[in-house]
Structures are given as structure tokens and as C-alpha cells.
Amino acid sequence: MGDLRVSMNKKGQVTIFIIVALLIIAIAALVYILSPGLSSSIGRDSNNPYDFMQTCLEDDVNNNVEIISLQGGSTEPEHTYLYDDSNIEYLCYTNEYYLPCIMQQPLLKQHIETEIKNSISGLVEQCFAAMGESFEKKGYDASLNTGELEVNISENSLAIIFEGYEFTITKGETERYDELKVELADNNLYELIMIANSILDWEVEYGDVDIATYMNYYPHIKTEKKIQDDGTAIYILTDRDTEFKFQFASRSIAWPAGYPQR
Amino acid sequence: MKNKKNILMILGLVLIVFALGNIYAVCCEETVDGASCLNVEDISECKTSAQGFRSDSTSCEATTYCSVGTCIDNQEGLCFDAPQTTCNAEDGGFWVDEYQENVAQCQEGCCILGEQTAFVTPTRCTYLAAQRGADVTPDFLSNIQNSESCNALANPSEKGACVYDSELGRKCTMETREECQVNNREFHAGLLCSAEQLGTLCGPSERTSCVEGKEEVYFYDSCGNVANIYDSTKAEDQNYWTYIQEWEDSCNLDINDPSSVKSCGNCGYSTESSVCGAYRRGEDASPNVGDYVCRDLGCDYEGQDYSHGESWCANPSNWEDDVPGREEIRLICSNGEVTSDPCDSFRNSICREETLYDDGTSDGYLNAGCVVNEWSLCVAQNNQDDCELIDYDCEWLEEKTYELFNEEEGGVCVPKYAPGLNFWDESSDTFTTCQALTTTCNVKFEKKAFGSWKVKGDKTCLEDGAGDVDIRQDWAGDLQNWCTALGDCGVKTNYINVDGKNFWEELFTGDVKKSSIPNGKSHGGGISAWWEALER
């Protein structure tokens with residue numbers, strides 16, 4: 001009887017182990033299915049140049065875009081206001097009192113596209129080199145014809161386009177990949193830039209902006225204005241859904257402290 | 001007394017002189033700091049021609065490269081007031097030496113994009129249409145002159161049930177007449193896919209959700225088509241699942257009434273300070289049907305409720321409160337969050353609030369803004385009527401001694417909201433500002449027969465008597481009020497209750513008793529009044 005009990009206990013344990021194992025597999029499968037980010041990253045086929053470039057560039061580009069957005073649209077801003085330990089670029093500025101500011105970057109979207117492009121051009125070369133190497137290790141002959149790197153910020157997307165690039169791999173037969181492109185998750189940068197443009201328009205015209213009007217018109221964008229002692233206004237635009245920020249500085253129609261004298 | 005009036009006049013004139021006298025000699029295309037088109041005092045502040053930048057000994061407005069014209073962004077269809085040098089042609093910029101109103105490409109009109117409208121330039125209209133895909137053909141109406149008229153042209157196309165046959169039965173989607181008829185399908189204007197008479201596979205369901213671009217909670221039918229605005233009392237009403245209801249015929253939401261929130265999905269940013277969102281346990285009222293609810297976007301601030309979009313002043317003040325460092329702050333309730341919007345530093349602008357009523361029954365809607373503090377006008381006013389004109393931010397300060405500033409009027413005009421001064425900056429004008437308020441009181445003493453001294457004649461500032469006479473308390477008080485009202489002068493404690501460095505006793509100088517002067521400390525830093533007994 002004693003042996004039988006032991007045997008029963010062992011069988012019971014095995015059954016429990018099997019059930020636990022099945023549960024773990026089921027949970028893992030559920031997580032894999034329900035988490036699109038996880039499934040796509042695990043499921044990426046490194047034999048696919050499109051996926052390779054996306055994986056290689058995505059995180060670094062996102063990081064660069066975030067830095068550029070927090071600094072007023074430039075990787076290394078020159079004319080800045082130090083706010084909260086960040087150098088924020090003036091997009092509209094006057095050094096005089098009582099006068100409206102002069103627009104410093106009227107073509108802001110294009111300027112940011114150029115800044116992103118310059119910040120990732122080295123990275124793009126590295127990624128293409130790594131991709132070629134990766135395919136060569138798998139026995140392919142790989143070659144690359146380079147073209148023009150383009151960054152395109154538009155409604156709902158930020159895309160890195162490899163215009164004229166052609167990546168070729170040969171192993172018996174030749175496969176050509178052109179129209180290579182990396183699309184980033186939408187961070188609403190386009191809308192933030194357009195709102196910044198509108199604010200700058202008002203700064204040039206009137207020297208001030210009513211942020212409540214902007215928040216009423218764009219309720220999903222938090223608009224903040226932090227006035228500084230010298231009359232500089234730091235604008236912080238935050239997408240409420242993604243928490244993505246675009247910040248910039250402006251100094252327009254500033255008033256001196258107290259009774260002006262010379 | 002004439003001297004004092006002159007000082008006040010000079011203070012006023014200084015404002016004008018400063019504005020006119022602030023002239024810079026050189027225009028930099030780019031400064032060494034990287035700023036474009038700045039007027040500076042010295043050419044050494046400009047980047048050089050070797051670096052590829054121009055500079056001229058004239059104002060920027062007089063140069064070709066820095067005078068402001070219109071920069072046209074041909075890619076996005078936007079126009080900006082900007083100097084030529086910042087309007088980069090490589091980035092798609094095209095600069096013209098004209099005001100925007102004179103540039104044809106910058107003239108805005110009404111852009112009709114399907115059911116939507118936008119008041120934009122023709123190029124922008126084309127750009128927006130391209131962004132919306134090949135289905136949208138833009139129509140640009142240049143004769144529409146403002147955005148309100150343009151918005152009124154937004155004309156949602158007639159919608160209805162679009163029915164077609166499939167192997168499984170009659171399927172249905174909600175579409176416009178044009179979209180439906182392009183595919184040669186049956187269009188039923190004003191009907192929902194769940195309408196029984198259509199005999200489709202679609203029927204009522206308990207599913208609700210938000211719709212992109214809309215603020216309300218909507219019912220969805222069993223095929224996943226958007227139906228009418230969520231109203232739990234009509235969840236089983238066949239009529240409600242048959243006809244498209246107009247917005248104004250839908251339920252009325254009261255966001256402050258939990259039972260209304262549970263049953264009605266007619267949210268709106270402007271109407272009910274609410275928007276559609278997934279139900280959050282513990283935060284929202286649980287909906288009677290489905291998982292979506294109108295989320296309250298109002299704010300609770302210091303025990304008071306504010307609606308989405310309301311703004312108010314955090315610290316209404318008068319000049320006695322305007323201590324160094326204090327700034328006015330406007331608060332805004334937006335999306336359930338209170339955002340602070342400080343007014344200009346040094347109290348150059350102040351917060352004003354008003355209550356707006358859209359009808360006689362509502363509680364009103366608070367609206368605040370930072371407006372320019374017109375304190376600088378006060379010093380030039382020399383009678384009470386002018387001083388208290390509502391357009392000025394001035395206050396009439398009654399004097400007890402009547403003789404200091406304006407003998408006839410018995411008072412002096414001071415800012416209602418005292419301006420701040422950057423007294424911590426030694427190169428600033430604060431010291432001279434406060435020193436300009438220096439008052440000298442000349443007193444004649446007469447030597448009596450036995451050698452003692454006695455005040456003779458005008459007794460504005462000293463008590464009557466002989467020997468060690470005291471400063472008149474009312475005279476000292478008038479001066480103290482005057483200088484603290486005019487700015488961060490005199491003896492003040494700052495906004496975080498830190499005392500300043502000065503004492504009134506030290507600020508009143510002269511070989512007299514000062515026992516009547518009230519004391520305290522100051523951050524003002526300047527000399528508020530300077531008493532000196534002369535001609536003894």
C-alpha cells in the first residue's frame with residue numbers, strides 16, 4: 001500500500017508538472033500573440049534587408065529624434081536658452097526690448113528633416129555595412145549602390161527613405177532590393193512642428209501667444225509656456241497620448257525690469 | 001514741491017527717451033552666438049565674411065539680407081514673415097520682399113477636402129489633399145475670406161446603409177451615397193445597417209466605442225459599423241437601431257450627474273467638458289452598457305471645480321502684495337490637468353479674470369489672461385481723476401502730509417501693481433531707479449538767544465520743537481508708501497518671506513532723531529528717501 005501511495009504521488013507530481021508546463025507555454029504564446037512589439041521583434045527575418053535596416057536603425061533614430069525635439073529642432077543648437085539643464089534653441093529672437101522677434105527657422109520641418117538626416121547618416125552606413133557582412137557570412141555575395149538619404153516627416157509618419165539605394169545579394173540567383181525605407185512609430189512630430197510654426201507666427205506678429213486657445217483647439221496636445229526673467233518664453237508641446245515633446249525658445253516684445261533708464 | 005513734480009515728469013519722459021535711444025549700430029547676418037539678423041552694438045559680435053556671413057554698419061531693416069519679407073514654404077504651402085537669409089531655398093523656401101497680404105501664394109481661402117474644410121493657402125490645400133490620399137479631390141474657394149465662413153461650408157455627405165449580397169447573406173456597411181454607388185450597391189439614406197427592413201446580417205449589439213475624430217461614445221452594430229450615440233435607455237429600442245439620429249436629437253449629458261454619465265455618451269470638449277474614453281475602474285462612472293464612457297475633463301483645484309478650457313488667476317493681488325520675486329500666474333484647466341501659465345517677469349504683465357455667461361442660467365465660465373501692467377503711466381498722472389482712469393493700472397495714494405507731491409490734490413498716483421526690479425544685478429538700473437525717488441527736505445533752524453536750535457518755517461518733515469527733534473511720522477509714512485508702491489525699493493520682504501538687507505533707519509539719513517520711523521528689512525536695495533537737514 002505504501003509503495004502504491006508513493007507511485008500515485010509520483011504520477012500526480014508528473015501530471016502537475018505537465019499542467020504547469022502547458023500553462024507556461026500557453027501564457028508565453030498569449031504574450032507573444034497579444035504583444036505586437038514582441039512578436040514582431042522575435043519574428044524578424046534577418047534574411048530580409050527591409051527588416052534588417054528597420055531593426056538596425058529604429059532605436060537610434062528614435063533616440064536622435066527625441067534629442068532634436070527637446071532642443072528646438074537641432075542636434076547641436078547654437079543660439080540657445082538654458083532651461084532645466086537643456087539647451088533649447090531660439091526659433092524666434094530679438095535682443096532688443098519692445099520689438100517683435102525675427103524668425104530664425106521659418107522652414108522648421110525641413111530644417112528638422114535635415115538635422116535628423118545628418119545625425120543618422122553615419123549610422124546608415126554602419127547598418128548597410130553590417131547587413132552586407134551578415135549576408136556574406138551566410139554565403140551570399142552582397143553589394144550596395146548608394147543613393148540619396150532622405151527623411152520625410154509627414155502626418156502620422158516619420159520615414160527614412162533610401163532614394164536610389166540598391167542592395168543586391170547573390171547566391172545562385174540574384175535578389176535586388178531597392179525602395180528601402182524605415183518607418184518609425186508615429187510620435188506626432190509633424191503636428192507638433194505645425195503647432196510650433198503657428199505659435200512662432202504669433203510671436204512674430206504679437207510677441208505672445210495664448211496657450212489656452214491652443215489647448216482648446218488641440219486638446220490632445222499640452223501646450224506650456226515658461227516665461228523667463230529676460231523675456232524669453234520656453235514653449236513645451238507634449239502629445240498627451242505618446243508623451244512625446246517638442247520644445248523651443250522665443251524672445252519677442254520683451255519688457256525690461258522696472259523703470260527703463262540709460 | 002516743484003522739484004518733486006519735475007522728478008515725476010522726468011521718470012515718465014525717461015520711458016520715451018529709452019525707447020527712442022535704444023539704437024544698435026551694426027547688423028549681423030549671424031552673430032557669434034548663432035542668432036540670425038540681429039542689430040548689435042559692435043561688429044565683433046558678428047560672424048565674419050570669412051565664415052560666410054555679412055554685416056553692415058546699419059540697422060538690419062536697411063539691409064537686403066536681413067530685412068523682413070515673406071518666406072514661402074513651397075513644400076507645405078505655408079508663409080512666414082522672415083528675413084531672406086533664413087529662408088533657405090534648398091529647403092524649399094522662396095523669399096519675396098513683400099508683406100504676406102501682397103503675396104498671391106499666401107492668400108488664404110477655403111479648402112474643401114471631402115467632408116472637411118480648412119482655411120489655408122492654395123498650395124497647402126493641395127498638400128493636405130495629397131496627404132489624405134487619392135480619393136480626396138480638393139476644391140479651393142478663394143472668395144471665402146475667413147475661417148468661420150469656411151467652417152460653415154463643411155458639409156457632411158449624406159450617409160446611410162450600403163447593402164450588398166454575399167454568399168453568407170446581405171452584408172452592409174455605413175457609407176456616403178457616392179462611396180456606395182461607385183460599387184453599384186444599394187444605398188439607403190438615413191438608415192442604419194441594423195434596420196430590420198433591410199434584412200441584413202447586421203443587428204443591434206451592446207458594443208460601444210470611441211470614433212476617431214469624434215468626441216462622443218457610439219454604439220456599434222453586430223457587423224462592426226458605427227451606429228448612433230450611446231444611450232443605454234435606447235439600447236433595445238428598434239427605432240434607435242433603424243434611423244440615423246441627428247446629434248441634437250441625442251441624449252443630453254450632465255457630466256456632474258453620475259447616472260447621466262452611466263447612460264449617455266453625448267460627450268463634448270466644449271459642451272460638457274468631456275470626451276469618449278475606455279472606462280477606468282475607480283475613476284469613471286461605470287457605463288450601463290459597453291465599456292466606454294464620457295470622461296470628465298474638468299479639474300479639481302484647491303477644492304474648486306473647473307471645466308475643461310477654463311482659466312483663472314492663481315493669486316489676485318494689489319500693490320501691497322507685490323513683494324520682490326512675486327509674479328502673477330494664470331492657471332488653465334485642460335484635459336483634467338491644471339497647467340500654469342506665468343505672466344511676464346517683474347510684474348510687467350498681470351493676471352486678470354472675468355466670468356463669461358453664454359446664457360442667463362449657467363454658472364458662467366472663468367476666463368483669465370495676462371495683460372500688460374500699465375504702471376508706467378501712473379507717474380505722469382497728477383490728479384485723482386486721471387490716475388483712476390480704468391485703462392491705467394494706477395491707484396491714488398492719499399497723503400497725510402499733503403505737501404510732498406501734489407499739494408492741491410492731496411495725494412500721488414502710484415502703480416496698482418508695483419513693478420519688480422532686478423536689484424540683484426549690479427549693472428541694472430535698479431539703484432538709480434530707487435535713487436531717483438530720493439527726497440530731500442530742507443529745514444531751517446533758528447538759534448535761540450540761549451544757544452539752543454529750533455525749527456523755523458516749513459515743518460513738513462520734522463516735528464515742531466527745539467533740540468533733538470524727531471522726523472514726522474506721517475511724512476516718513478508717506479515716503480515709505482510711495483517708494484514701495486513704485487517698485488522694489490525701500491524696505492521689503494520677498495515672496496518667500498526672506499527679509500532684505502536694508503533698514504528704514506538707514507535709508508532716512510540726517511542728523512535727527514528717527515524714533516518715529518517704523519522699521520523692517522528690505523530686498524529693494526535702493527535709497528527710498530534721503531533726508532538731510534540743511535542750513536542749520
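Chain letters run A, B, ... following the sequence lines, proteins first, then strands; residues in each count from 1. None of these values were measured; they are calculated from a predicted model.
Atom CG in B/Asn348 sits 10.5 Å away from atom CD1 in A/Ile227 (nearest 0.5 Å). With values rounded to the nearest 0.5 angstrom, A/Asp210 atom CG is found 9.0 Å from B/Cys370 atom SG. We find the OG1-CD distance between A/Thr238 and B/Glu337 to be 8.5 Å, quoted to the nearest 0.5 Å. If you take OG on A/Ser198 and CZ on B/Phe80, they are separated by 9.0 Å, rounding to the nearest 0.5 Å. One finds the CD atom of B/Gln75 at 7.5 Å from the CG atom of A/Asn152 (value rounded to the nearest 0.5 Å). Here the straight-line distance linking atom CG of A/Asp230 with atom CG of B/Asn422 works out to 11.0 Å at 0.5 Å rounding.
Ranked by non-hydrogen atom pairs under 4.5 Å with chain B, the options A/Thr80, A/Ile211, A/Thr213 are led by A/Ile211. Between chain B and the options A/Lys225, A/His79, A/Gln105, heavy-atom pairs under 4.5 Å are most frequent for A/His79. The candidate from A/Pro100, A/Cys92, A/Pro106, A/Ala233 with the greatest count of non-hydrogen atom pairs under 4.5 Å with chain B is A/Pro106. In terms of non-hydrogen atom pairs under 4.5 Å with chain A, the most contact-rich of B/Val40, B/Asp81, B/Val68 is B/Asp81. Ranking A/Pro219, A/Ala212, A/Ala254 against chain B, the residue ahead of the rest is A/Pro219, based on heavy-atom pairs under 4.5 Å.
Looking at B/Ser36, both its backbone and its side chain come within 4.5 Å of chain A, counting heavy atoms on both sides. Using a 4.5 Å cut-off between heavy atoms, B/Cys71 contacts chain A through its side chain alone, with no backbone atom that close. Within the 4.5 angstrom heavy-atom criterion, only side-chain atoms of B/Leu78, from C-beta onward, approach chain A. Looking at A/Tyr190, only its side chain comes within 4.5 Å of chain B, counting heavy atoms on both sides. Looking at B/Cys66, there are no atoms closer than 4.5 Å to chain A (heavy atoms on both sides), in backbone or side chain. Residue B/Cys333 does not touch chain A at all, counting heavy-atom pairs closer than 4.5 Å. For chain A, no part of B/Val275 is nearby; none of its heavy atoms comes within less than 4.5 Å.
Here the closest heavy-atom approach between residue B/Val32 and residue A/Glu78 is recorded as O-OE2, 4.2 Å. Contact detail for A/Ile102 and B/Pro83: the closest heavy-atom pair is CG2-CG, 3.3 Å. Pairing each heavy atom of B/Asn88 with each of A/Leu107, the nearest pair is O-CD1, 3.2 Å.
A 6.0 Å sphere centred on CD of B/Gln51 holds more than 12 heavy atoms belonging to other residues, nucleotides or ligands. The local environment of CH2 in B/Trp312 is crowded, with over 12 non-hydrogen atoms from other residues, nucleotides or ligands closer than 6.0 Å. Heavy-atom contacts from other residues, nucleotides or ligands closer than 6.0 Å to NZ of B/Lys214 number 12 or fewer. Taking a 6.0 Å sphere around CD of A/Glu179, one finds it holds 12 or fewer heavy atoms contributed by other residues, nucleotides or ligands. Counting heavy atoms of neighbouring residues, nucleotides and ligands inside a 6.0 Å radius, atom CD of A/Glu125 does not exceed 12 of them.
A donor and an acceptor atom, one from each side chain of A/Asn197 and B/Glu76, are nowhere located under 3.5 Å apart.
Proximity of a side-chain donor or acceptor of B/Ser345 to a complementary backbone N or O of A/Gln228 within less than 3.5 Å is detected. Under a 3.5 Å cut-off, the side chain of A/Asn95 and the backbone N or O of B/Asn39 do form a donor-acceptor pair.
Annotation: side chain of A/Arg240 is in contact with side chain of B/Ser334 (closest heavy-atom distance under 4.5 Å). Using a 4.5 Å heavy-atom threshold, the side chains of A/Gln104 and B/Glu30 count as separate. Using a 4.5 Å heavy-atom threshold, the side chains of A/Glu155 and B/Leu128 count as touching. When side chains are defined from C-beta on, B/Ser340 counts as touching A/Lys226, because their heavy atoms get closer than 4.5 Å. Side-chain contact between B/Ile332 and A/Glu224 is absent, with no heavy-atom pair separated by less than 4.5 Å. Between A/Met215 and B/His308, every side-chain heavy-atom pair lies at or beyond the 4.5 Å cut-off. Side-chain contact between A/His220 and B/Asn335 is absent, with no heavy atoms from C-beta onward closer than 4.5 Å. Counting only heavy atoms from C-beta outward, the side chains of B/Leu38 and A/Tyr93 approach each other to under 4.5 Å.
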For this session: Please report the C-alpha distance between B/Asp73 and A/Gln110 in whole Å, then the side-chain angles of each, then the deciding distance to 0.1 Å, and finally whether the side chain to side chain contact (heavy atoms under 4.5 Å, CB included) criterion is met.
Result: CA-CA 9 Å; B/Asp73 179 347; A/Gln110 291 89 324; 2.8 Å; yes
Exercise. Would B/Glu327 and A/Asp229 satisfy side chain to side chain contact (heavy atoms under 4.5 Å, CB included), going step by step from the backbone distance to the final call?
Worked result: CA-CA 11 Å; B/Glu327 291 178 354; A/Asp229 282 356; 4.3 Å; yes
